[in-house]
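Beneath this line is the structure, given in structure tokens, with notes to follow.
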Amino acid sequence: MPLDRSKELIATALPISLLLCVAQTTIQLVRVQQIELTQKFVPDFLVEDFSIQKLGVSVLFVSLNAIYLVWLSQARKRILITYQSRLWVALLPGIAFLTYPYSSDVYLYLHFGQMVLHGVDPYTVAAAEFQSPLSPFLVWSQTSTYGPISQIFFTIATLATPLGPILAVYLFKLCCLLFHVINTRLIWQFTANNLHRNTITLAYLMNPLLLYEQVANAHVDVFLSTTIILLIGCLHQRQFVGAIAALWAGFLTKTLPIIWLPILVSYLVQQRRWRSLGIGLLLSVCTVGVLSRTILPTLTAWKSLLNPGVAGKTARSLHHCLSLWLNFGTHWSADTQQHLLQTFTLLTTIGFALFYSRVALQFQFQNDRAATHLVSGLGWVTLMLLLFATPWIMPWYPSILLPFVALCPHSPLLRLTSLVFCTSIDTIVAGGYGSSWFELCVSLCTVMPPLIAIGLGWHRWGRSAG
């Protein structure tokens with residue numbers, strides 16, 4: 001794609017990004033002021049079932065996604081990254097940094113940091129049982145579901161809380177911005193042999209979901225993405241001890257990466273990498289032992305990492321679609337609806353377990369499996385977990401699939417489906433867990449596009465899709 005055309009699309013995205021920044025920041029800063037004055041929680045327009053504010057922000061974000069997809073579809077040739085184009089591109093993450101987050105999660109992060117500063121264990125003491133300047137902003141009252149690495153950033157950022165919650169939020173957002181830049185640099189490093197290196201790197205840096213959910217709304221998934229990129233890079237370079245270390249670093253950031261450990265072990269057994277397995281086992285035992293004696297001394301503390309607060313809840317998922325359809329489309333009793341939903345959840349969990357087992361065991365029955373197949377398997381397991389076996393999905397969850405999109409060039413169906421999922425998840429921003437017809441539309445907009453992508457992609461590529 002000619003450079004001037006690329007700059008033209010980026011220049012179009014800049015005023016839209018700026019308008020979204022101004023709109024969301026204005027809404028949120030007014031809300032922050034109200035909470036500080038009343039010391040009571042104030043509902044957010046962006047998380048309500050429907051509001052003009054939500055519609056406006058959603059239209060702006062969809063516009064950015066549309067521009068991004070046009071840019072991506074035309075960026076087939078290598079792009080010369082000039083100084084001027086770098087300057088244009090750098091403005092997008094800068095605007096994302098300035099955008100004040102709508103998500104209440106950032107306040108929970110800072111609140112957990114306050115707990116650590118006051119010597120209170122966030123893994124055994126619920127957030128509601130500790131009072132801090134962030135307490136009026138909280139939605140969730142449970143114990144911390146985030147690993148010790150994330151907790152370090154929470155604690156650093158919350159040091160600014162005495163100067164005001166807004167400053168503390170932006171200090172945490174600065175960490176998120178820095179790690180997004182680091183992640184982009186790692187993508188550049190690990191795509192050294194790819195002819196489309198420039199395009200892939202720019203695509204990751206400018207991806208609307210990453211900028212909006214990981215930088216603008218400041219979610220810890222940006223730190224998790226760092227460990228995922230390192231994991232994939234180590235696997236491609238066959239540095240398996242480094243891959244195990246990256247996996248555990250991911251777990252210590254957010255729990256999900258632990259599901260990849262059995263698949264990695266299965267692959268190393270098939271490859272007869274006994275030394276790597278031995279070092280990995282020692283590393284795992286030491287990690288669990290140290291955590292059990294320090295930060296996570298009880299079973300209750302370990303269970304906190306499994307996010308028990310969302311147990312039985314649904315949002316933006318197939319489960320939520322079924323729940324709302326049963327509520328609006330049938331006259332069955334609440335007990336019957338609950339039984340059907342539980343049965344559906346059980347079936348999807350069993351289905352995921354079977355798929356997971358197939359991925360984990362395939363290396364034992366097929367010789368000469370390259371590391372690219374392992375990386376693809378990890379990506380597919382993550383995608384299937386989120387799409388089919390996770391009743392509660394938030395818009396930032398699929399953002400961790402984008403490292404697989406960038407670093408799995410031999411898995412076109414995985415890349416297509418993940419990219420579609422990451423594009424559709426925020427078609428309507430915020431919320432997605434209500435009980436109205438509007439929320440049903442939100443859930444359908446989330447899950448239907450990736451399901452269609454899987455169907456069309458499988459028809460085109462078949463089993464070779466990877």
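Position 1 is the first residue of the sequence; numbering continues from there.
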Exercise for the section: Indicate whether the side chain of His319 and that of Thr314 have a donor and an acceptor atom separated by less than 3.5 Å. Expected result: no
Practice task
Please report the shortest heavy-atom distance between Ser58 and Ile428, naming the atom on each side.
Solution key: OG-CA, 3.5 Å
Problem - Point-to-point distance, once rounded to the nearest 0.5 Å, from CD of Gln74 to CG of Leu9 - result: 6.0 Å
Practice task
Give a yes or no on whether Gln189 atom CD has more than 12 heavy-atom contacts from other residues, nucleotides or ligands under 6.0 Å away.
Solution key: yes
Exercise for the section: Write down the atom of Ser73, the atom of Val70, and the distance for their closest heavy-atom approach. Expected result: OG-O, 2.8 Å
Exercise for the section: Answer yes if the side chains of Thr226 and Asn183 hold a donor-acceptor pair under 3.5 Å, and no otherwise. Expected result: yes
Side-chain donor/acceptor pairs under 3.5 Å, residues 154-168, sequence neighbours excluded:
unit_1	atom_1	unit_2	atom_2	d
Thr155	OG1	Gln151	O	2.8
Thr158	OG1	Leu110	O	2.9
Thr158	OG1	Gln114	NE2	3.1
Thr158	OG1	Thr161	OG1	3.0
Thr161	OG1	Thr158	O	2.9

Exercise for the section: Starting at CG of Leu92, measure out to CG of Asn207 and round the result to the nearest 0.5 Å. Expected result: 11.0 Å
Exercise for the section: Identify, with sequence neighbours excluded, every residue that meets side chain to side chain donor-acceptor pair (under 3.5 Å) alongside His180. Expected result: none
Exercise for the section: Any pair with a residue in residues 205-229 that passes salt bridge (Lys or Arg N to Asp or Glu O under 4.0 Å), sequence neighbours left out, goes on the list, sorted by first then second residue, please. Expected result: Asp221-Lys254
Handout entry: Atom pair OH (Tyr123) and OG (Ser304), whose distance is rounded to the nearest 0.5 Å
Key = 7.5 Å
Exercise for the section: Looking only at non-hydrogen atoms, find the nearest pair between Arg415 and Cys408 and report the distance. Expected result: CD-O, 2.8 Å
Practice task
Would you check if there is a donor-acceptor pair between the side chains of Ser103 and His219 at a distance under 3.5 Å?
Solution key: yes
Exercise for the section: State, to 0.1 Å, how close Thr287 and Trp248 come at their nearest heavy-atom pair, and which atoms those are. Expected result: CG2-CE3, 3.8 Å
Practice task
May I ask you to check whether Phe41 and Phe137 place their ring centers less than 6.0 Å from one another?
Solution key: no
Exercise for the section: If the plane angle is over 60° it's perpendicular, under 30° parallel, otherwise tilted; pick one for Tyr109 and Tyr146. Expected result: perpendicular
Fill in the blank from the handout: Between the OH atom in Tyr100 and the CD atom in Gln28, the distance rounded to the nearest 0.5 Å is 8.0 Å
Practice task
Determine yes or no for a side-chain-to-main-chain donor-acceptor pair under 3.5 angstrom, with Thr145 supplying the side chain and Leu306 the backbone.
Solution key: no
Practice task
Would you check if the side chain of Thr191 reaches a backbone N or O of Trp188 as a donor-acceptor pair within less than 3.5 Å?
Solution key: yes
Problem - Parallel, tilted or perpendicular: ring planes of Phe179 versus Phe223, cut at 30 and 60 degrees - result: perpendicular
Practice task
Could you tell me whether the side chain of Ser424 and the main chain of Thr446 form a donor-acceptor pair under 3.5 Å?
Solution key: yes
Fill in the blank from the handout: So CZ of Phe421 and CD1 of Ile454: to nearest 0.5 Å the spacing works out to 9.5 Å
Exercise for the section: Return yes if some donor-acceptor pair links the side-chain N/O of Ser317 with the main-chain N/O of Pro391 below 3.5 Å, else return no. Expected result: yes
Problem - N/O donor-acceptor pair under 3.5 Å between His320 side chain and Leu440 backbone - result: no
Problem - Check: His111 main-chain N/O paired with Ser132 side-chain donor or acceptor under 3.5 Å - result: no
Practice task
Evaluate the ring planes of Phe251 and Trp302, with Trp represented by its six-membered ring, and classify them as parallel (under 30°), tilted (30 to 60°) or perpendicular (over 60°).
Solution key: parallel
Problem - Side-chain (Asn217) to main-chain (Tyr212) donor-acceptor, under 3.5 angstrom - result: yes
Problem - Listed once per pair and sorted, the side-chain hydrogen bond (donor to acceptor under 3.5 Å, both in side chains) pairs that draw on residues 166-178, sequence neighbours left out - result: none
Exercise for the section: Could you verify whether a donor N or O on one side chain and an acceptor N or O on the other, from Thr372 and His410, lie under 3.5 Å apart? Expected result: no
Practice task
Starting at CE of Met384, measure out to OG1 of Thr417 and round the result to the nearest 0.5 Å.
Solution key: 6.5 Å
Problem - Check: Phe153 ring centroid to Phe172 ring centroid under 6.0 Å - result: no
Handout entry: Under 3.5 Å: donor-acceptor pair, side chain of Arg316, backbone of Trp392
Key = no
Exercise for the section: Output yes when a side-chain donor or acceptor of Tyr356 lies under 3.5 Å from a complementary backbone atom of Ile259, and no otherwise. Expected result: yes
Handout entry: Nearest heavy-atom neighbours spanning Pro93 and Leu211
Key = CA-CD2, 3.8 Å
Exercise for the section: Could you verify whether a donor N or O on one side chain and an acceptor N or O on the other, from Asp121 and Thr124, lie under 3.5 Å apart? Expected result: yes
Exercise for the section: Taking side chain to side chain donor-acceptor pair (under 3.5 Å) as the test, write out the residues that go with Ser399, two or more places apart. Expected result: Gln214
Problem - Ala453 to Leu416 - nearest heavy-atom pair and separation - result: O-CD2, 4.1 Å
Exercise for the section: Mind checking salt bridge (Lys or Arg N to Asp or Glu O under 4.0 Å) for Asp426 and listing every partner two or more places apart, or none if nothing turns up? Expected result: none
Problem - Output field: ring centroids Phe130/His118 closer than 6.0 Å - result: yes
